[in-house]
Protein chains: 2
Amino acid sequence: MRVTIRQVAAAAGVSTATVSRVLAGTQAVSPELAERVRQTAASLGYRPNVLAQGLARGRSGVVGVLVPNLANPYFNDTIKALMHSAERDGYRVIVADSDERRENELPLGESLLRWSDGLVLVASRAAPTALRRLVGAHKPVVAVNHKPKPEIDEFVHISVNAYTPMRELCRHLVREGHRRIVYLSGPRTSWQSQERWRAVRSARRWGASVSSVPCGGTIEEGYAAAEGALGEEPSAVMAFNDLAAFGFLSRCGELGLRVPEDLSLTGFDDIPFAQFTSPPLTTVRSPLADVGVAAWQAMRRLLDGERRVLGMMLPSEMVIRSSTAPPRSMLGGSEPDKTTPTT
Amino acid sequence: MRVTIRQVAAAAGVSTATVSRVLAGTQAVSPELAERVRQTAASLGYRPNVLAQGLARGRSGVVGVLVPNLANPYFNDTIKALMHSAERDGYRVIVADSDERRENELPLGESLLRWSDGLVLVASRAAPTALRRLVGAHKPVVAVNHKPKPEIDEFVHISVNAYTPMRELCRHLVREGHRRIVYLSGPRTSWQSQERWRAVRSARRWGASVSSVPCGGTIEEGYAAAEGALGEEPSAVMAFNDLAAFGFLSRCGELGLRVPEDLSLTGFDDIPFAQFTSPPLTTVRSPLADVGVAAWQAMRRLLDGERRVLGMMLPSEMVIRSSTAPPRSMLGGSEPDKTTPTT
DNA sequence: CTTGGTCTAGAAACCGGTTACTAGAGATCA
DNA sequence: TGATCTCTAGTAACCGGTTTCTAGACCAAG
């Protein structure tokens, strides 16, 4: 039914080896023959069977990507950039979604590896033993936004520097007069969340009192964590990411709290929605697409057999919008230490 | 390096055929032998090579999904549901993103089909000739939210009924007193946009004057279309989808217009963000996940060789939140025909 | 004119599975 | 007891490519 390489060979009066050589361009074939083969292949509409090719070459031309949650816009831009880069190099991408459950990561990762030549783990929350098993398949693994582990150094790390801009953001808040800051923490096993919290803690040196409230990385979790966080009577709340900030903001609206008049709020990632909330969200812009491109480039090199491929730490920058402002106490001209009462 | 079926066969003292039969469970093998084979396979950590399996079986166990824009949250839930359903049946999903450019759809679709056993086209904007070529590969094609084409009836349609709830929403607006409605239209070649506009036009029978303003389906387009739409001096704006409504809402805020006091606004899809904007968005809830599941079920049947697989039209329902309210003129008690002036 | 090197292209082995075909053992029946 | 049928498991032919190995043609050098 489908046209195979043998049919092309027969029609062109050559061997299958020659057809393969012409189309792959791997070895020299006389120009006339090559041209004739190309003509017949085109006229018959020949398309190599990718499975047969993969089997013979020992490479499938597919890479796997594992993300915690496809529905998070944060991952979309990264995946999209990675996918397009891979496409340009003739690779296809298969995606799996662990649904934010770390126990899913190992089976899904193994499944992806059976199809693919390499694996990109985005924001993995997997345990070291699981990672070790994935690396054990002896295929390239690139980790995006994952804590560099000295004990398993067999994968390349592409990360965003969250610490520096988060710390800068804290300093900005303190300069505006905030003295009581609450951090809505992300998923417990997320390295990025730990980095961000580490940065927030540094605000203590500027004289602020900071505390952390368990939250998560989704809108729903931000919404749910709001009342607990407000109990700490902060003048500024820094959410793990934009989604959590978004949910928090929504709950504030319901509780009659106004942002930034009654409370300042920050996010992280600068997902496309962040600038369209009301008020537009002060946040940190992650170079989402750049991360995807960098991850692919690293993967590409590993696939090409390069030995020492270096990881990257990409910079990100604070974006001040209108969800942050000096606390009301500052405007009132009184003590900068006493903060706004909540409802 | 990797353990193959031959090694398992040798270790168990049987032929490769027997190993294959035991593991695939396709034919009867004596219980003792089967057990021995399973033991050896497990102890050697044998994993069948999916490429070889695919080649031999003539099926890859992969399905392709083509979406206009992965970054649109609208598609995420659908893809996620589809992916998980497929996974449960032992299939993997490869995704491609046409970047909202219809000329990308044919090459990407063809590329996906080379890897996969079937193709799911989500909200395709492709021309009939392109579709005909994709169908020509003689592999199952499922179209999600695409206009049923009588002339190419070789693919199964899974759609959301946009007309009924959109019309209901119009009627709701009219009942609240709106007489001047503007529809922000979606991508020109989108069938769903045409359906939604057809529904909006029906509001004329209730005495409203309606018009359509070109917009699109992204936040940016909604933002950009705002001023033009406001020039029509509507009391209610119905956007093609939630994203456009979101962008529009943001621009209104900048222009000092308050929703719903000065203007009512509706979206479509009920993406997770819709209930968290301020004000929460009146919209239509598309059964996003159900669409994905239904698309997979249809695909699964087609892959299993079923002849007549029926398409589906899924219901969706209006969700009234706070972005709609009676126009100010109604509150003021004066003429219901004269609407709010813009800035 | 012979010899050795280079280059092209075909034959055939391979990649790692699946499965049609077949042989042999054991069961059933006349 | 012999013929036939059933059932298991091995042999070998695929699936559709790639690539090693090799033969033959051609060329230049001795």
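- Taking every nucleotide of DNA chain C with any atom under 4.0 Å from a non-hydrogen atom of chain B, the first and last of them, 5' to 3', are C:dG16 to C:dA20.
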Atom pairs, protein N/O to nucleotides 6-9 of chain D N/O, distance under 3.5 Å:
residue: D:dA9; atom: OP1; partner: B:S30; partner atom: OG; Å: 3.0
residue: D:dA9; atom: OP2; partner: B:S30; partner atom: N; Å: 2.8

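- For the residue pair B:L55 and A:A52, the shortest heavy atom distance occurs at CD1-CB, 3.9 Å.
- Within the structure, the salt bridge (charged side-chain N to carboxylate O under 4.0 Å, His left out) test picks out no pair touching residues 39-64 of chain A (sequence neighbours left out).
- No more than 12 heavy-atom neighbours from other residues, nucleotides or ligands sit within 6.0 angstrom of NZ on A:K147.
- Among pairs with a residue in residues 71-83 of chain A, those fulfilling side chain to side chain donor-acceptor pair (under 3.5 Å) read A:Y74-A:N145, A:K80-B:N69, A:K80-B:D97, A:K80-B:D99, at least two apart in sequence or across chains.
- Each end of the helix from C:dC1-D:dG30 to C:dA30-D:dT1 gets its own axis from five base pairs, and the two axes differ in direction by 60°, given to 10 degrees.
- Checked for salt-bridge contact, B:E35 and B:R38 meet the test: a charged N lies under 4.0 Å from a carboxylate O.
- Using a 4.0 Å cut-off on heavy atoms, the residues of residues 46-60 of chain A that approach DNA chain C are A:L55, A:A56, listed by number.
- Here the closest heavy-atom approach between residue B:S116 and residue B:S60 is recorded as CA-OG, 3.7 Å.
- Heavy-atom distances under 4.0 Å link DNA chain D to no residue of residues 110-119 of chain B.
- To the nearest 0.5 Å, the span separating CG on A:L106 from OG on A:S124 amounts to 10.0 Å.
- Take A:Y46 and apply the ring-ring contact (aromatic ring centres under 6.0 Å, His included) test, not counting sequence neighbours, and it matches no residue.
- Distance check: A:R2 CZ to B:R114 CZ gives 7.0 Å after rounding to the nearest 0.5 Å.
- Checked against ring-ring contact (aromatic ring centres under 6.0 Å, His included), B:H157 has the following partners two or more places apart in sequence or in another chain: B:F155.
- Partners of A:E110 under the salt bridge (charged side-chain N to carboxylate O under 4.0 Å, His left out) rule, at least two apart in sequence or in another chain, are A:R133.
- In this structure A:S190 satisfies the side chain to side chain contact (heavy atoms under 4.5 Å, CB included) test together with A:R125, A:P187, A:Q192, A:S193, A:F240, sequence neighbours excluded.
- Considering CZ of A:R301 and CG of A:L310, their distance stands at 8.0 Å, rounded to 0.5 Å.
- Pairs passing the side chain to side chain donor-acceptor pair (under 3.5 Å) check and including a residue from residues 8-18 of chain A, sequence neighbours excluded, read A:S15-A:T18.
- Here A:L113 contributes atom CG and A:L119 contributes atom CG; the two are 4.5 Å apart, rounded to the nearest 0.5 Å.
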